[in-house]
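For reference, the structure discussed in these notes is given below.
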Amino acid sequence: ERSAGKPSGGGQWVEGDRVDAAAAHEVAIVRSLDSARAATDMVFNALPVVGLLGAKVMRMALVERLTIAQVADELDGRSERMQVGFYAETFRRACEALADHWAGRAGSRAS
């Protein structure tokens, strides 16, 4: 190939090449796995702080993107004012407890 003056292309790295795309895809997968691992660790560490109900309400509101009324309906089968207020308060307290814990002020808020 060299004597004919034609580049072989065998050792060249061309950005946008299929190999480049495959490597970028692998990097994206690794980053996603790292993010998932970090999220799993965060949930595991948050559970003792916010409790089972707090974790469930936070997951439904933040991950599943349900409104608090939808959370109440999912968990209680109705979304009347009293249930919505209860789950709104549960969500607020869980968020505050987690913020305090992350800030190193565990137990500093009066319940």
Side-chain angles (χ1 to χ4, degrees):
E1 289 178 345
R2 280 191 179 173
S3 65
K6 299 177 190 172
S8 69
Q12 296 178 358
W13 179 269
V14 179
E15 199 168 318
D17 196 358
R18 276 188 257 167
V19 175
D20 187 36
H25 181 67
E26 289 176 6
V27 168
I29 290 171
V30 169
R31 285 185 181 147
S32 294
L33 289 172
D34 287 345
S35 295
R37 185 177 301 118
T40 301
D41 290 347
M42 187 180 297
V43 169
F44 181 76
N45 292 328
L47 192 57
V49 176
V50 300
L52 287 173
L53 182 60
K56 184 178 270 193
V57 171
M58 289 182 81
R59 179 185 50 79
M60 293 174 82
L62 299 174
V63 176
E64 297 175 23
R65 296 182 176 199
L66 298 179
T67 65
I68 297 299
Q70 290 170 322
V71 169
D73 192 49
E74 286 282 322
L75 296 178
D76 277 354
R78 53 190 175 165
S79 57
E80 295 172 11
R81 186 175 183 171
M82 190 167 84
Q83 285 80 22
V84 174
F86 172 77
Y87 289 108
E89 181 69 11
T90 300
F91 180 77
R92 183 187 66 78
R93 287 179 185 244
C95 289
E96 288 177 351
L98 199 54
D100 286 346
H101 178 74
W102 285 343
R105 302 184 308 251
S108 68
R109 288 195 190 267
S111 295

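Note that these values count all heavy atoms, side chains included, but never hydrogens, waters or copies made by symmetry.
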TODO: Any chance you could lay out the salt bridge (charged side-chain N to carboxylate O under 4.0 Å, His left out) test for R93 and E96, step after step, and finish with the verdict?
DONE: CA-CA 5 Å; R93 287 179 185 244; E96 288 177 351; over 6 Å; no
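In the hydrophobic cluster analysis, where Ile, Leu, Val, Met, Phe, Trp and Tyr join through side-chain heavy atoms closer than 4.5 angstrom, L98 is grouped together with L62. No continuous path of hydrophobic side-chain contacts links M82 to V84 [ILVMFWY only; heavy atoms under 4.5 Å].
Across all non-hydrogen atoms, the minimal contact from G54 to A94 is CA-CB, 4.1 Å. Smallest separation of non-hydrogen atoms from F91 and A61: CE1-CB, 3.8 Å. Nearest heavy atom pair, residue S79 against residue A69, reads CB-O, 3.3 Å.
Taken to the nearest 0.5 Å, the CG atom of D76 stands 7.5 Å off from the CZ atom of F86. For the atom pair CD of E74 and CD of E64, the computed distance is 7.5 Å after rounding to the nearest 0.5 Å.
Using a 4.5 Å cut-off on side-chain heavy atoms (C-beta onward), L75 and V57 make contact. Side-chain contact check for L66 versus D73: every heavy-atom pair is 4.5 Å or farther apart.
The local environment of CG in L52 is sparse, with at most 12 non-hydrogen atoms from other residues, nucleotides or ligands closer than 6.0 Å.
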